[in-house]
Number of protein chains: 2
Amino acid sequence: MPSPLGDKIRALRKNKRMSLDQLADLTDSSKSYIWELENKDDPKPSADKIGKIAVALEVTTEFLLTESSVTPDEAVLDEAFFRKFKAMSEPDKKKIRRIIDAWEDE
Amino acid sequence: MPSPLGDKIRALRKNKRMSLDQLADLTDSSKSYIWELENKDDPKPSADKIGKIAVALEVTTEFLLTESSVTPDEAVLDEAFFRKFKAMSEPDKKKIRRIIDAWEDE
DNA sequence: CGACATCGTTCGGCGTACCGAACAATTCGG
DNA sequence: CCGAATTGTTCGGTACGCCGAACGATGTCG
């Protein structure tokens, strides 16, 4: 019944040995709501709350929200690719972006 | 009366020559709601909506929520591109990597 | 064991995020 | 210029994010 988001919040919170109350205080929330985020079926918090929770738990909002279903090996390759890409000139990057966009119409 | 978030969404949307309807479709929203985000006083969208809007407009959620300029800088575009790349299938990624590698022998 | 503190859980209700459908404005081919 | 798309705006209603306060569990110290 809990969601991936809920699992991450609970894991990070317990890892920091925080109570629901403490995390609630840090995030301008109620502890009942933090509990809901951790245990309810498919929580859809506001961007505002997620931002504050990410700060309190010292992670990025991306990490909290994305499924992270990529295998580690693949993630390493992705990072390597990203480094190369960032090193390119802006006009070249623009061309690459166009290629990727065209890709999506199989 | 509009908010910084609203200004960014409108600027990015028009830059891509999208209508409210088109952006709404891409983000599982209604056009009336997109209009509210762009024009209302202090919109507080869900993390879900902001995430989808960021993908559709090819920027990061960080940029939408925190940054002050309405035009994303190169780093933001890079991150958005990287997110798209990561979502692709591994065979497709392999092809893209080849393209990038070939690029480097000007 | 009992009393007190601290943590987690439940629940009723208020406010608002978000919607659909109708209306107003703008664009554009004939 | 006229209609018909296409875009943007307004508005009433509904679902649910988020809350406070009460309740149950668990632990700790005498």
Under 3.5 Å, which protein N or O atoms sit close to an N or O of nucleotides 8-14 of chain C? Give each pair with its distance.
{"residue": "C:dG8", "atom": "OP1", "partner": "A:Arg13", "partner atom": "NH1", "Å": "3.2"}
{"residue": "C:dG8", "atom": "OP2", "partner": "A:Leu20", "partner atom": "N", "Å": "2.8"}
{"residue": "C:dG8", "atom": "N7", "partner": "A:Lys31", "partner atom": "NZ", "Å": "3.4"}
{"residue": "C:dG8", "atom": "O6", "partner": "A:Lys31", "partner atom": "NZ", "Å": "2.8"}
{"residue": "C:dT9", "atom": "OP2", "partner": "A:Trp35", "partner atom": "NE1", "Å": "2.3"}
{"residue": "C:dT9", "atom": "O5'", "partner": "A:Trp35", "partner atom": "NE1", "Å": "3.0"}

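- Looking at B:Asp48 and B:Lys52, a side-chain N of the basic residue comes within less than 4.0 Å of a carboxylate O on the acidic one, giving a salt bridge.
- Within the nucleic acid shown, A:Pro43 has no heavy atom closer than 4.0 Å to any nucleic acid atom.
- Atom pair A:Asp28:CG and D:dG20:P shows a separation of 11 Å (rounding to whole Å applied).
- Here the C1' atom of nucleotide D:dG17 and the CD1 atom of A:Ile53 are 12 Å apart, to the nearest Å.
- Between the CD1 atom of B:Ile34 and the P atom of C:dC19 there is a distance of 8 Å, given to the nearest Å.
- Atom pair B:Arg17:CZ and D:dT6:C1' shows a separation of 17 Å (rounding to whole Å applied).
- The distance from atom CG of A:Leu37 to atom P of D:dG17 is 9 Å, rounded to the nearest whole Å.
- Taking a cutoff of 4.0 Å between a charged side-chain nitrogen and a carboxylate oxygen, A:Arg13 and A:Glu38 qualify as a salt bridge.
- With hydrogens and angles disregarded, a donor-acceptor distance shorter than 3.5 Å links the side chain of B:Gln22 to the backbone of B:Ser19.
- Atom CG of B:Asp25 is separated from atom P of D:dG8 by 13 Å (rounded to the nearest Å).
- For B:Lys49 and D:dG17, the shortest distance from a side-chain N or O to OP1 or OP2 is not below 4.0 Å.
- Between B:Arg97 and B:Glu90, at least one side-chain N (NZ, or NE/NH1/NH2) sits under 4.0 Å from a carboxylate O, which counts as a salt bridge.
- The nearest whole Å value for the distance from the CG atom in A:Asp42 to the P atom in D:dA15 is 17 Å.
- Figure legend: cation-pi geometry between B:Lys84 and B:Phe82 absent, as NZ or CZ is not positioned both under 6.0 Å from the six-membered ring centre and within 45° of its axis.
- Salt-bridge check for B:Lys93 with A:Glu74: passed, with a basic side-chain N closer than 4.0 Å to an acidic carboxylate O.
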